[in-house]
Novice: 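To start, I am sharing the structure in question, which I have written as structure tokens.
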Amino acid sequence: MPSSLINRDLISINDLTKNEILFILQLAKDLKAKPQPTLLQNKVLASLFFEPSTRTRLSFETAMERLGGRVIGFADKDVTSASKGETLYDSIRIIGQYADVIAMRHPLEGSARRAAEATDKPILNGGDGANQHPTQTLLDLFTIQETQKKLTGLSIALAGDLKYGRTVHSLMQALLHFSPRLYFIAPKTLQMPEHYLEELKKNKIKFSLHEKMEEVIKQADIFYLTRIQKERFADSMDYERVKNVFRLTLAHLIGVKKNLKILHPLPRVNELDDKIDTTSHAYYFQQAENGLYVRQALLGAVLGKI
Ligand code: CP
């Protein structure tokens with residue numbers, strides 16, 4: 001195991017090398033095949049969710065419990081002293097004295113990095129504003145590998161809210177290691193931010209920008225759809241203008257590759273027709289389950305138990 005993963009923070013997917021990513025994916029595969037119910041006995045996870053979550057929080061907590069560890073934390077910042085004005089730095093400095101590892105989500109970009117300055121316990125970023133969601137990326141990569149039997153050289157379409165969607169930002173950066181052909185599909189106002197496109201150019205990754213799903217879905221091995229992030233819009237009228245532009249339906253699946261898998265970090269709102277759920281292309285529920293094994297792998301690795 002890369003010894004450097006012990007006690008490490010995971011704030012951005014760029015904190016991990018390609019080898020470290022592959023190592024975590026292999027650990028997750030091993031844990032999926034063979035559970036380790038006592039691996040993290042006597043270890044405590046602090047699960048701090050300053051912003052709503054279903055999958056990330058509950059899979060982190062289940063991951064810890066199924067490895068024999070314990071969980072403290074909160075799912076609502078209003079029940080904490082943050083509601084009395086306590087700073088994030090002070091909160092994390094204190095909680096770091098109670099727990100061995102901290103998983104957190106916070107609405108502010110850069111909050112996870114700030115938390116890491118407050119404690120020497122590993123901080124695992126479960127999403128900071130529109131910035132990064134690196135543990136989601138690990139489970140996305142795990143799922144891509146599971147469904148396509150490889151990570152390199154795939155045609156991957158990223159669709160939906162590419163401006164505010166932190167999952168696509170992290171995923172795109174991780175994919176730089178795996179020579180993909182990328183397609184970005186979004187309304188003009190929600191396209192991938194320019195600095196990410198510059199990163200792709202610097203790394204000589206082929207990509208193109210599109211407004212309609214049907215322009216590229218037939219070429220894709222993976223179609224990664226995201227929700228329009230209503231909570232990130234400063235002006236609700238801007239949200240109203242784009243909210244129904246994107247909807248993947250059965251009609252889009254005519255003529256697609258047999259191996260195409262549709263992924264979605266979830267939750268979905270109305271961009272993904274539930275009639276797709278029963279097709280062989282739908283894989284988003286299995287994708288969410290994989291979060292459990294990837295987060296187990298990460299907890300085991302940063303706590304030096306694997
Ligand atoms: N994919 C994801 O982050 O889901 P939650 O917001 O439910 O955690």
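Both ligands and their constituent atoms are indexed starting at 1 by order of listing.
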Novice: Against Asp221, only a single residue in Arg181, Gln148, Lys257 fulfils side-chain hydrogen bond (donor to acceptor under 3.5 Å, both in side chains); can you say which?
Specialist: Lys257
Novice: Can you tell me the protein heavy atom closest to atom 6 (O) of ligand 1 and the distance?
Specialist: Arg105 NH1, 2.9 Å
Novice: In terms of atom number and element, which parts of ligand 1 are under 4.0 angstrom from non-hydrogen atoms of Thr54?
Specialist: 5 (P), 7 (O), 8 (O)
Novice: Quick check, are the ring centers of Tyr224 and His264 under 6.0 angstrom apart?
Specialist: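 Centroid distance Tyr224-His264: not below 6.0 Å, so no.
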Novice: With atoms numbered from 1 as shown, which atoms in ligand 1 lie under 4.0 angstrom from a non-hydrogen atom of Thr56?
Specialist: 2 (C), 3 (O), 4 (O), 5 (P), 8 (O)
Novice: Where is the nearest protein heavy atom to atom 4 (O) of ligand 1: which residue, which atom, and how far?
Specialist: Arg55 NE, 3.1 Å
Novice: Apply side-chain hydrogen bond (donor to acceptor under 3.5 Å, both in side chains) to Asn203 and Glu199, showing your working.
Specialist: CA-CA 6 Å; Asn203 287 275; Glu199 258 188 280; 5.3 Å; no
Novice: Can you list the ligand 1 atoms lying under 4.0 Å from a non-hydrogen atom of Leu266?
Specialist: 1 (N), 2 (C), 4 (O)
Novice: Check whether the side chains of Gln287 and Asp140 place a donor and an acceptor atom closer than 3.5 Å, and report yes or no.
Specialist: yes
Novice: Under the criterion side-chain hydrogen bond (donor to acceptor under 3.5 Å, both in side chains), which of Lys32, Arg295, Lys29 is the partner of Asn290?
Specialist: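 Filter result, single survivor: Lys32.
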Novice: Which residue and atom name correspond to the protein heavy atom nearest atom 1 (N) of ligand 1, and how close is it?
Specialist: Pro265 O, 2.8 Å
Novice: Ring-plane angle category for His106 and Phe50, please: parallel below 30°, perpendicular beyond 60°, tilted otherwise.
Specialist: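 Judged by the thresholds at 30° and 60°, the geometry between His106 and Phe50 is tilted.
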Novice: For ligand 1, find out whether one of its N or O atoms is nearer than 3.5 Å to an N or O atom of Gln136.
Specialist: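 The answer is yes, given that Gln136 and ligand 1 share an N or O pair closer than 3.5 Å.
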